[in-house]
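Accompanying notes for the structure given below.
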Amino acid sequence: MKKKVILIVVLVLLAALVFSSAFTVREDEYACTVRFSKIIDTTDQAGLHFKVPFIDSVKYFTKATQLYDIPPSEVLTSDKQNMTVDCYILWNISEPKLFYQTLGSTAKAEERLDAITYSVLKTGMGTLAQADIINMNNGAERNAIYEGIAQKVDAAAKSYGIHVEDVKIKQFDLPESNLNAVYGRMISERNQMAEKYTADGNYEASIIRNDVDKQVNIIVSDAEASAAKLEAEGEQEYMRLLAEAYDTQDKKEFYEFSLALDALKASLNGDEKTVILDGNSELAKILMGAK
């Protein structure tokens, strides 16, 4: 019985020894073997690995890209304007041993990244005027500024075993205290531009209207002159035809008689049938002679 107990104890100790000496590593992580607070080995190979039991410990760090949303902070531009910067960082652990020795945890890494990024932003924005950041220019100019910031943050973070993939600017804005004043200035500038465009448009419209009125007057004048000319030519032709039609004395007298009859007919178009004529009137002579 005593032997069985001893055997069981030995087996338990062997199992504990085996389990405490083995550890596994996943595809998405680093494993650092730590002995007396010092890293003696680092691996990123997935699978089963071994360590000295009860002496060594294993510290795991992820290989995955991590996102750290930096709290908004204020920076000062070269023209002494305060601006609020809201950004986030995409980063990963590139050297796990150095990361463990200098920082040791994600929380401390984020604190350090916060300080580095703020320092780079403060220095970079200090060389730019506010108009270089907030404007209507091509966005490629601002992208070049952001890329430069990311490169500088990455260079500073390498000493901690960190690779900064990108620094994304979510918002570059003015502090609340200055926001209304700047918006008012921008609105005023846009109103001035709108008024200028309106004035230029009205000026161009007046030129076009004046030109159209001038063209209309010319066309109307030419049409009236042409009409008057045609009318005069018609009258002239009419008189010529009359002269040709009544070229003898008998024809002239017949024409005058026809005109007298037309005049008489026109005068008798009402209810009154009485006509008073002068004795010397040609019409009276014709009527008296006809009688």
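Side chains are part of it too, since the values below use all heavy atoms of this structure and drop only hydrogens, waters and symmetry mates.
Using a 4.5 Å heavy-atom cutoff, the side chains of I39 and P96 are not in contact. Contact annotation: the side chain of V75 approaches that of Y118 to within less than 4.5 Å [non-hydrogen atoms, C-beta and beyond]. Residues L76 and N82 meet the side-chain proximity criterion, which asks for heavy atoms closer than 4.5 Å. Under the 4.5 Å side-chain criterion, counting only non-hydrogen atoms from C-beta, T42 is not in contact with Y100. The side-chain heavy atoms of I55 and R35, taken from C-beta on, include a pair separated by under 4.5 Å.
A distance-only check finds a donor-acceptor pair linking the side chain of T198 to the backbone of A194 [under 3.5 Å]. No donor-acceptor pair under 3.5 Å is formed between the side chain of D114 and the backbone N or O of E110. In this structure a side-chain-to-backbone donor-acceptor pair under 3.5 Å is present from Y30 to I93. A side-chain donor-acceptor contact under 3.5 Å links K63 to the backbone of E27. With hydrogens and angles disregarded, a donor-acceptor distance shorter than 3.5 Å links the side chain of N217 to the backbone of D213. Side-chain atoms of T123 do not come within 3.5 Å of backbone N or O of V120 as any donor-acceptor pair. A donor-acceptor pair under 3.5 Å is formed between the side chain of T127 and the backbone N or O of G124.
Expressed to the nearest 0.5 Å, how far CD of Q192 lies from NZ of K196 amounts to 11.5 Å. Taken to the nearest 0.5 Å, the OG atom of S73 stands 10.5 Å off from the NZ atom of K122. Atoms OG1 and NZ, on T102 and K108 in that order, are 10.0 Å from each other to the nearest 0.5 Å. We find the CD-OG1 distance between E74 and T84 to be 4.5 Å, quoted to the nearest 0.5 Å. Between the CH2 atom of W91 and the CD1 atom of I116 there is a distance of 11.0 Å, given to the nearest 0.5 Å. Rounding to the nearest 0.5 angstrom, the gap separating the CG atom in L121 from the NZ atom in K152 is 10.0 Å.
Nearest heavy-atom pair across L113 and A157 is CD2-CB, 4.1 Å.
Crowding of Q236 atom CD: a count of heavy atoms from other residues, nucleotides or ligands under 6.0 Å not exceeding 12. Within 6.0 Å of CD on E233 lie more than 12 heavy atoms contributed by other residues, nucleotides or ligands.
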Pair I149, C87 - check side chain to side chain contact (heavy atoms under 4.5 Å, CB included), show working. CA-CA 11 Å; I149 291 172; C87 62; over 6 Å; no
Are F61 and D44 close enough, and set up right, to give a side chain to side chain contact (heavy atoms under 4.5 Å, CB included), and what steps lead you there? CA-CA 10 Å; F61 298 106; D44 61 354; over 6 Å; no
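Both V34 and F99 sit in one connected hydrophobic cluster of ILVMFWY residues. Membership requires side-chain heavy atoms under 4.5 Å apart, directly or through other members.
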Give the table of side-chain donor-acceptor pairs shorter than 3.5 Å for residues 159-170, with sequence neighbours excluded, one pair per line with atom names and distance.
unit_1 : atom_1 : unit_2 : atom_2 : d
S159   : OG     : A156   : O      : 3.1
H163   : ND1    : D154   : OD1    : 3.1
E165   : OE1    : T65    : OG1    : 3.4
E165   : OE2    : T65    : OG1    : 2.6
E165   : OE2    : N92    : ND2    : 2.5
D166   : OD2    : K168   : NZ     : 2.9
K170   : NZ     : D69    : OD1    : 3.1
K170   : NZ     : D69    : OD2    : 3.1

